[in-house]
Amino acid sequence: MVHARAPATSANLGSGFDAFGVALSGPADTVAVERAAETSIEVSGAGERYIPTDPEKNVVGAVADALDAPAHIRIDKGGRPSSGLGSSAASAAAAAVALNELYDRGYTSHDLVPVAAEGEAVVSGEAHADNVAPALLGGFTIVRGDDGATAVDAELPLVACLPEVAVSTRDARDVVPDSVSMRDHVGTVGNAATLTAGMCRSDAELVGRGMDDPVVTPARAELITGYAGVREAALETGATGVTVSGAGPSVLAVCRPGRRRAVAAAMVEAFADAGVGARAYQTGIGRGATVL
Ligand code: HSE
């Protein structure tokens, strides 16, 4: 039997829609895999009742198929699905490294990015890799079409605040505008480049400045009750940048050193003011999937 762990992730970071992601230092999924004639799946942990165990419908079934690695796969969920924190990507990444080891396939973590992205396609309808790349590689990652992923080590205090509302990735993709103005394009390129430079220096101020996104985030913020108040509360308390995490509903804040606890409390309180229960993960940029 092989065990593996893969972290939750936050994609987009505002200006890097479908391109940027970070691995979180927590929460994480763990999987245990054993060789079998046919793939079967058991799920426990956060949101277990929402996760299908049919291999045709679960991300890890698609990963086992792609690696030609049938197995009994036990998933222990650290984060619930439809959270905006890469729940399915964490399972896909953990299964990919575990099955790669179990069947001695010899793939690198970079090789496994498109494999785990195939798993993502099962749940979202599209094989985008901006959650599976950080889940596998760790740190801050940039995906570029089918061209693989670049990973950069970075250290930043983060808060991921998860409200008790559900936003499906499909719904959140429906509100993404079909086109952007040249003005917004130029602004977004500048922000994304600023954010990347900030990550290379682990500079929270620069990263926060580069998170602004005039295109996708405003449309998605409408789907999250209380978003504007939560964003303002986090910025007032010591966050340098705040945005929708992935497709939502989680809200990600990059924090100044020593401000993470205060930012987390302010975000939960602001959601409560809007009548929404929420929990905050005080986290940071973490490592990618590992065999345990
Ligand atoms: N980049 C994706 C999105 C991440 O924002 O829709 C969610 O899978």
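Note: hydrogens, waters and symmetry copies are ignored here, and every other heavy atom, side chains too, is used. The first residue in the sequence is number 1, and the count goes up from there. Start at 1 and go down the list; that is how both ligands and their atoms are numbered.
The shortest N or O to N or O distance between Arg173 and ligand 1 is below 3.5 Å.
Listed by number with element, the atoms of ligand 1 under 4.0 Å from a non-hydrogen atom of Asp18 are 1 (N), 2 (C), 3 (C). If you number the atoms of ligand 1 from 1 as listed, the ones under 4.0 Å from a heavy atom of Asp130 come out as 1 (N), 2 (C), 4 (C). Taking every heavy atom of Gly246 and a limit of under 4.0 angstrom, the matching atoms of ligand 1 come to 5 (O). If you number the atoms of ligand 1 from 1 as listed, the ones under 4.0 Å from a heavy atom of Asn131 come out as 4 (C), 7 (C), 8 (O). Near Phe17, meaning under 4.0 Å from any of its heavy atoms, are these atoms of ligand 1: 3 (C), 5 (O).
Under the rule for a ring-ring contact (aromatic ring centres under 6.0 Å, His included), the partners of Phe20 that lie at least two apart in sequence or sit in another chain are Phe140.
Residue-ligand proximity: Ala172 is placed with every non-hydrogen atom at 4.0 Å or more from ligand 1.
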*Can Asn191 and Thr194 be said to form a side chain to side chain donor-acceptor pair (under 3.5 Å), step by step?*
CA-CA 5 Å; Asn191 288 340; Thr194 300; 5.3 Å; no
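With hydrogens and angles disregarded, a donor-acceptor distance shorter than 3.5 Å links the side chain of Thr240 to the backbone of Ala204. Between the side chain of Arg173 and the main chain of Val175, no donor-acceptor pair closer than 3.5 Å is present.
Ser15 is not listed as a side-chain neighbour of Asp212, based on a closest heavy-atom distance of 4.5 Å or more. The shortest side-chain heavy-atom distance between Leu67 and Tyr107 falls under the 4.5 Å cut-off.
Of all the heavy atoms of Asn12, the ones lying under 4.0 Å from any atom of ligand 1 belong exclusively to the side chain.
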